[in-house]
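Proteins get letters first, then strands, A, B, ... in listed order; numbering begins at 1 in each.
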Number of protein chains: 4
Amino acid sequence: MNFASDNASGVHPAVMAAMAAADDGYVLGYGNDALTQAAQERVREALEAPEAAVFFVTTGTAANAIGLGAAVQPWQRIFCHEDAHIETSECAAPELFTAGAKLTLMPGEGGLIDADALDHAAEFWAGEGLGGGKPGAVSITNSTEWGRVWMPETLGEIAAVARQHGLVFHMDGARFANAVAGSSQAPADITHRAGVDLLSFGGTKNGAMGAEAIVAFDPAIAERMAYMRKRGGHLWSKHRYLAAQFYALLEGDLWLQLAGHANAMATRLSAGLAQVDGARLLQPVESNQVFVTLPGDADDRARAAGANYYKWTSLGEASADEVTLRFVCSWNTREAEIEALIAALQG
Amino acid sequence: MNFASDNASGVHPAVMAAMAAADDGYVLGYGNDALTQAAQERVREALEAPEAAVFFVTTGTAANAIGLGAAVQPWQRIFCHEDAHIETSECAAPELFTAGAKLTLMPGEGGLIDADALDHAAEFWAGEGLGGGKPGAVSITNSTEWGRVWMPETLGEIAAVARQHGLVFHMDGARFANAVAGSSQAPADITHRAGVDLLSFGGTKNGAMGAEAIVAFDPAIAERMAYMRKRGGHLWSKHRYLAAQFYALLEGDLWLQLAGHANAMATRLSAGLAQVDGARLLQPVESNQVFVTLPGDADDRARAAGANYYKWTSLGEASADEVTLRFVCSWNTREAEIEALIAALQG
Amino acid sequence: MNFASDNASGVHPAVMAAMAAADDGYVLGYGNDALTQAAQERVREALEAPEAAVFFVTTGTAANAIGLGAAVQPWQRIFCHEDAHIETSECAAPELFTAGAKLTLMPGEGGLIDADALDHAAEFWAGEGLGGGKPGAVSITNSTEWGRVWMPETLGEIAAVARQHGLVFHMDGARFANAVAGSSQAPADITHRAGVDLLSFGGTKNGAMGAEAIVAFDPAIAERMAYMRKRGGHLWSKHRYLAAQFYALLEGDLWLQLAGHANAMATRLSAGLAQVDGARLLQPVESNQVFVTLPGDADDRARAAGANYYKWTSLGEASADEVTLRFVCSWNTREAEIEALIAALQG
Amino acid sequence: MNFASDNASGVHPAVMAAMAAADDGYVLGYGNDALTQAAQERVREALEAPEAAVFFVTTGTAANAIGLGAAVQPWQRIFCHEDAHIETSECAAPELFTAGAKLTLMPGEGGLIDADALDHAAEFWAGEGLGGGKPGAVSITNSTEWGRVWMPETLGEIAAVARQHGLVFHMDGARFANAVAGSSQAPADITHRAGVDLLSFGGTKNGAMGAEAIVAFDPAIAERMAYMRKRGGHLWSKHRYLAAQFYALLEGDLWLQLAGHANAMATRLSAGLAQVDGARLLQPVESNQVFVTLPGDADDRARAAGANYYKWTSLGEASADEVTLRFVCSWNTREAEIEALIAALQG
C-alpha cells in the first residue's frame with residue numbers, strides 16, 4: 001500500500017515498451033531525431049498549440065528552473081504561492097538558473113494564489129525603485145501542492161493581473177495531467193487560452209520514467225531555453241529515449257486515463273475517510289492527493305497494516321493527539337489498496 | 001528642510017578633512033597602507049574585538065551582500081525580516097553574491113524579528129530534505145528599517161535560536177551608530193557579546209561619503225571575504241581615502257556624537273508630533289527615524305513649506321484621507337528645521 | 001555505418017533489461033532504494049574504493065559540472081586542456097555550477113595536458129594577488145577528446161603538480177571504460193591510486209541510456225555534491241532506473257567488454273586506414289576514436305556509401321584538398337561496418 | 001620615487017576641491033542630483049556622444065564587469081587578449097556579473113588583439129553547436145596592459161570583425177585618457193566612430209579618487225546596466241561626490257593635460273633607458289607605462305635608491321641575470337624622479 005508519492009510508482013508498461021522500441025539502430029543525438037520531433041508534435045497537438053516550442057528534460061525541477069530561467073531577469077521577482085514546489089522543494093534551482101531572481105511568496109487557500117494579493121504585490125513592487133526588484137513572472141502549480149485544480153475562471157483572474165503588470169505566466173504542471181482530468185477542461189483551455197505563457201508539462205508522476213516537457217507557447221523564448229537546457233547539463237545525448245516516454249503517454253489519451261484513474265482513487269479514498277471517526281479533510285479532493293487530519297491511533301493502525309505515506313509537517317500544526325497526513329494516489333494504485341487503507345484507519 | 005534620508009546629508013567636515021589629509025604622496029594601493037591599518041584598528045577598538053577581520057567597502061548593499069556571500073552556501077536560507085533592506089531595497093544583491101541563496105521572510109513588530117517565529121522556521125527547514133534549502137543565517141537590521149533598536153535581551157533571544165540551529169548571525173548596521181546611541185549600550189554588547197558573528201558597520205548615513213566596514217568577529221571567514229570583495233569590484237585601489245573616512249568618524253566618539261544628535265532630533269520631532277491633530281506614531285521613536293500617520297492636509301502644508309520626505313508606501317495602508325510618512329533625521333539636521341516642520345504640520 | 005558518435009548507438013540489451021526489471025512495485029524515490037545502494041556498491045568495487053561517495057546523474061555535462069562545482073570556489077581556476085570537453089562543448093555549465101570559476105587552458109599533445117605547462121601556470125597564478133584567481137583544480141579527460149589514454153606514469157606527473165599546488169584532481173571519464181580497456185590498467189590504478197580525487201565515470205557512451213556516476217574518492221565533499229545535484233535539477237525521483245543502468249553495466253565485466261570491443265574496432269579501422277592512399281592518422285589510436293586526414297575524394301566516397309561521421313573542424317586546418325575526420329566506434333560497431341568504410345575510403 | 005602604479009598617486013587638487021564643493025546642503029541620493037547630470041553631460045561632450053548612457057562607479061573592475069554583464073548572455077564568449085585585465089586581475093568579476101560567460105583568450109603583440117586571430121576564433125565558435133558557447137563580445141584595453149595605444153586603423157580591423165560576427169565591442173579604458181593623449185586622436189574617433197559600443201572610461205588612475213564612467217553608446221542597454229549596477233552594490237547613495245570627480249577632471253581639458261604629462265614622463269624615462277647598459281624596451285612606449293629588461297644589478301641600485309616599482313612576472317621570462325620591470329608614470333610624476341631613477345639605473 002503506497003501513498004507516499006506518485007513518483008514511488010514505476011513506469012507504465014506502454015512507456016517502457018516505447019523506450020525499448022526506440023532502441024533501433026543508430027540515431028543522431030541531442031534531439032536531432034525523428035522520434036523527438038514526433039513526440040514534440042504530439043505535445044503540440046495535445047495542447048492545441050501548433051507554434052509552441054517544446055523541450056524535454058528529465059525532472060520537474062529542471063523544467064521549472066529552465067523555463068523560469070529563460071523567462072526572467074536576475075533583478076526580477078517571480079510571484080508564487082508560499083507552498084509552491086519551486087520555493088519549498090527545489091533547493092534554490094530557480095535561483096541558480098535565473099542567476100538570483102527572487103521568489104516572492106503569495107498567500108491563498110489550498111495552494112491557489114489569491115489574485116488580489118498578487119495584484120497588490122505586483123503593484124507595490126512595480127512602484128518601488130531599482131532596489132525593489134521588478135515584477136517579472138507569476139508561477140502557479142496545477143494541480144497545486146494541496147491537490148487543488150485551477151479552473152478557467154480563477155486562471156483568468158491571474159492572467160488578468162499578469163497582463164496588467166507584464167508578468168510572464170508560468171504553470172508548474174508536474175501534475176498537469178491530474179489537473180486536466182480533475183477539471184474536465186481541454187488542456188488548451190487551462191493553459192494558453194487562459195493566458196499561460198510557459199508550462200512545465202509533467203510526465204514522471206504519471207507513468208513516465210523521467211520525462212517533463214517545457215512548453216513555451218510563445219516560441220520567441222525558445223533560443224534562450226535551448227542554451228539554458230544545455231548549460232544546465234539537461235540536454236540528453238540519447239534523446240530518443242526521453243522523447244519516447246512522451247510519445248507513449250500521448251498515444252491516444254493514455255496520459256488522461258492514467259491521471260483520471262489516480263484522481264478516481266483519491267476520490268474513492270476521500271469518500272472512505274468520511275467514515276473514519278475524527279477525520280477532517282484539509283482540502284476538497286480535486287485531483288490525486290488527499291490531505292487529512294486524523295486521530296493519532298488511526299495513523300498507528302495504518303502504519304501497522306503496512307501503508308506508506310508521509311506525515312505532512314507544515315508551519316501550522318494539528319492538535320497534540322492528531323496528525324496531518326498526505327495520501328497520494330497514482331496511475332497504478334489499486335482499489336484494493338484504498339479499501340485496505342480505509343479499513344486500517346477505521347480500526 | 002530635509003527629512004528624506006540621512007544619505008541626503010553631505011559629508012561631515014572632519015571626514016572631508018581626513019580625506020584631504022590622506023592625499024599625501026605615494027601610497028601602495030588596495031589597502032596595503034598604514035592609514036587602512038589604523039582605521040581597521042579603530043574599528044576593532046570601537047567594538048572591543050581585537051581579533052576581528054575588517055573590510056571597507058563604499059555601500060551598504062556591498063557590505064551586506066559580501067558579508068552574507070562569504071557566510072552562506074547557495075543552498076542555504078537567510079532568515080530576515082519581511083521589511084529588511086536586504087529583501088526590499090538591494091535588487092537581489094545578496095542573491096548575486098551568495099550565488100542564489102534564498103531570503104526567508106520573518107514577521108515581527110517594527111522590523112524586529114520575532115524570535116519564536118524564527119525558531120519555528122529554522123526548525124521547519126532543518127527538518128525538510130535536500131530540496132528545502134538548509135537554514136544558514138539570520139540577518140537583523142539595527143536600528144531597524146522602522147527605526148527600532150535591538151537591546152541585549154532581544155538580541156539574546158535571536159542569538160539563542162541562531163546557536164541552536166547553527167545559523168550565522170548577521171547584523172545589517174547601516175544605522176549601527178544610531179542603534180548604539182539609541183540603546184545606550186556598548187557596541188560590543190550589542191554585537192559579538194550578544195552573539196553577532198558578522199556586522200555591516202555603516203558610516204555613509206552618519207557623515208561619511210561612502211564608507212562601510214564589514215566586520216567578521218570570527219576571522220576564519222576573512223579569506224572568503226577578501227575574494228568576494230575583489231570579485232565584486234569593491235576593492236578600492238586608492239584605499240586610503242576609504243579608510244580615512246572611518247578613521248575620522250572613530251576619532252574620539254565623533255560617530256556617536258553625530259548619531260546621538262540625529263536621534264535627539266528625531267525625539268524632538270516625535271514630541272512635536274504629539275501636538276499635531278490626528279497624528280499617530282506608527283512606532284516608538286528609538287533612533288533617527290520617525291514614522292507617522294497624519295491627515296492629508298498636514299502633509300500638504302509641510303510640502304508647501306518646502307519640507308522633503310517620503311510618503312511611506314507599504315503593503316498595508318492608512319485610511320483614505322490620511323498619509324503615512326517617514327521623517328529621517330541626520331547628523332546635520334538643525335533644530336530650526338524640526339521646529340519649522342512641526343509648525344507647518346500643525347497649520 | 002555510424003561513426004558519428006558513440007552516443008548515436010542505442011542502449012545495450014542487458015541495460016534495457018535491468019531497467020525493465022527495476023520496474024517492480026513501489027519504491028521510495030530520490031535514491032532511497034536498495035537498487036541504488038547496490039549500484040553504488042558496484043561502482044565502489046569496480047574502483048576498489050570502499051569509502052568513495054557515488055552520485056548518479058544522466059549526462060556527462062552534469063557529472064563534470066556538479067563535481068567541479070562541489071570542488072572549487074568561484075575565485076579559483078580550473079586548469080584543463082584547450083580541447084577539453086568542459087571548455088568546448090558544455091555551454092559554460094562548469095561556470096554555472098561553480099558560480100563563475102575560470103577555466104584556464106593548457107596545451108599538450110593529443111589532449112594530454114603537458115605537466116610542465118601545468119606546473120608553470122599553477123605556479124604563476126599562485127603567485128599573483130587576489131585578482132588573479134587562485135589555482136583550484138586540474139581536470140583531465142580520459143580517454144581524451146583525441147582518443148588518447150592516460151597511463152599511470154603521465155597521471156603521476158599531473159598528480160605531483162596537483163599535490164604541489166593543492167589542486168583538486170578531476171578526471172572527466174565520459175569514456176573512462178575505453179581508457180581502462182585501452183590502458184590495460186586496473187581502474188583504481190588510473191584513478192585514486194594515481195592521485196585522482198574526483199571522477200566522472202561515464203556510462204552513456206558505453207551502452208547505458210543516460211547514466212554517469214560522479215565519484216568522490218574523498219567523501220568529505222559528498223554533502224556539497226548532494227546539494228549541487230539537487231539544485232541543478234539532477235536528482236531523479238524514480239532513481240532506481242538510473243541506478244539500474246550502472247548495476248547492469250558493472251555486472252561481471254560487461255562495461256569492459258563493451259569498451260574493449262569499441263577499442264578493438266577502432267584499432268581495426270586504423271589498420272585499414274594504413275591502406276588508404278594519402279591517409280595520415282593525427283593521433284595514435286589508443287581507445288575508440290580515430291582522427292585522420294584524408295583526400296577529399298575519399299571522404300566523398302564514404303559519404304556516398306552511407307557512412308555517418310563528422311568533419312573535425314578545429315582552430316588548425318588541413319590543406320585545401322584534404323579533410324580531417326573523426327570516426328568513433330562504439331559497443332555495437334560491427335566489423336562489417338569497418339570493412340565497408342575502409343572499402344569506400346579506398347575507392 | 002614611485003613607479004609602482006598610477007593608482008599609488010593621490011587625488012588631484014582640482015578633484016578634491018570639487019568633492020569638497022559638492023558638500024553643500026541636502027541633495028537627493030542615488031544620482032538624482034544636478035551635479036550628476038552635469039558630469040554625465042560632460043562625459044557625453046568629451047566623447048561627442050549626445051545620446052550615450054553614462055553610469056558612474058568607483059572601480060575599474062566594476063565598470064568592466066557591469067558593462068559586460070549588461071552586454072552578453074551567460075552562454076556567450078567574450079574575446080579578449082590573454083593579458084587583459086579582465087582575465088588576469090579581476091578575480092572573475094566578469095564571470096560574476098555575466099552569470100558565467102567565458103573569456104576566450106586571444107594572442108597579439110603588446111596587448112593588441114590580432115584581428116585575424118579574432119576573426120578565426122569568432123568564426124570557429126559561431127560554427128560550433130549549442131555546447132560551444134556563442135561569440136558575444138570582444139573586449140580590448142586602451143591603452144593596453146603593455147602600454148600600447150590603439151589607433152583608428154587597428155580599431156577599424158577589430159570593429160570589422162565585431163560587425164561581421166555580431167559582437168558587442170567593449171573597450172576597457174582604465175587608462176583611456178593616456179590612450180587619447182598618446183594617440184593624438186579625438187576621443188570620439190577611437191571609440192564610437194571606430195565602432196566601439198561600450199567604454200569603461202577611467203578616472204581613478206588619472207587623478208580621481210575612485211571614479212569610472214561606464215558609457216553605452218547605444219543607450220538601449222541602459223536599463224540592464226542600471227539594474228546591474230544596483231545589484232552589484234555599486235550605486236552610490238551620496239552620488240554627487242562620485243560625479244564631482246568626473247566633473248572636475250573634464251573641466252577644460254584637465255584630464256588630457258594630466259594624462260599627457262604622465263605619457264611625457266614615460267617618454268622621458270624611455271629616452272633615459274637608452275643610456276642604460278643592457279636595457280631593452282619590451283614594447284614601444286606609447287602611453288604612461290614602460291616595460292624594460294635590465295641587468296639585475298641595475299634593479300638593485302634603483303631599489304637601493306628608494307625607487308618603487310614592480311618586477312613583472314609573466315608566463316615568459318628573461319635570462320637568469322636579467323629582470324623585467326614595469327615603470328608606471330602618473331599625473332604627478334616629477335621630472336626629478338625620472339632623472340633620479342635613470343641615474344640609479346645607470347650606476
### Task
Using a heavy-atom cutoff of under 4.5 Å, enumerate the residues of residues 73-97 of chain A that contact chain B, numbered in order, or state 'none'.
A:P74, A:W75, A:R77, A:I86, A:E87, A:T88, A:S89, A:E90, A:C91, A:A92, A:E95

### Query
Where along residues 109-117 of chain A does a heavy atom come under 4.5 Å of chain B, listed by residue number?
none

Please check: side-chain N/O of [X] versus main-chain N/O of [Y], any donor-acceptor pairing under 3.5 Å?
| X | Y | result |
| --- | --- | --- |
| B:T141 | B:S143 | no |
| B:R224 | B:G67 | no |
| B:T144 | B:R148 | yes |
| B:S5 | B:A8 | no |
| B:R326 | B:A4 | yes |

Answer yes or no: is there a side-chain heavy-atom contact under 4.5 Å between [X] and [Y]?
| X | Y | value |
| --- | --- | --- |
| B:I66 | B:H234 | yes |
| B:E322 | B:R280 | yes |
| A:T324 | A:V292 | no |
| B:N288 | B:R175 | yes |
| A:T293 | A:V323 | no |
| B:Y309 | B:D299 | yes |
| A:L325 | A:Y310 | no |
| B:W146 | B:Q289 | no |

### Task
Quick one: sort the B:F3 and B:F327 rings into parallel, tilted or perpendicular, breaks at 30° and 60°.
perpendicular

#### Entry: Test item: side-chain donor near acceptor, B:N64 and B:D172, under 3.5 Å
yes

### Residue-level contacts of residues 197-211 of chain B with chain A, using a heavy-atom cutoff under 4.5 Å
none

### Inter-chain contacts: residues 160-167 of chain B against chain A, heavy atoms under 4.5 Å
none

### Query
Do you know the tightest heavy-atom contact between B:I221 and B:A71?
CD1-CA, 3.6 Å

### Query
Closest approach of B:E212 and B:A174, non-hydrogen atoms and distance?
OE1-CA, 4.3 Å

### Message
Using heavy-atom distances under 4.5 Å, tell me whether B:L103 contacts chain A through its side chain, its backbone, both, or neither.
### Response
side chain

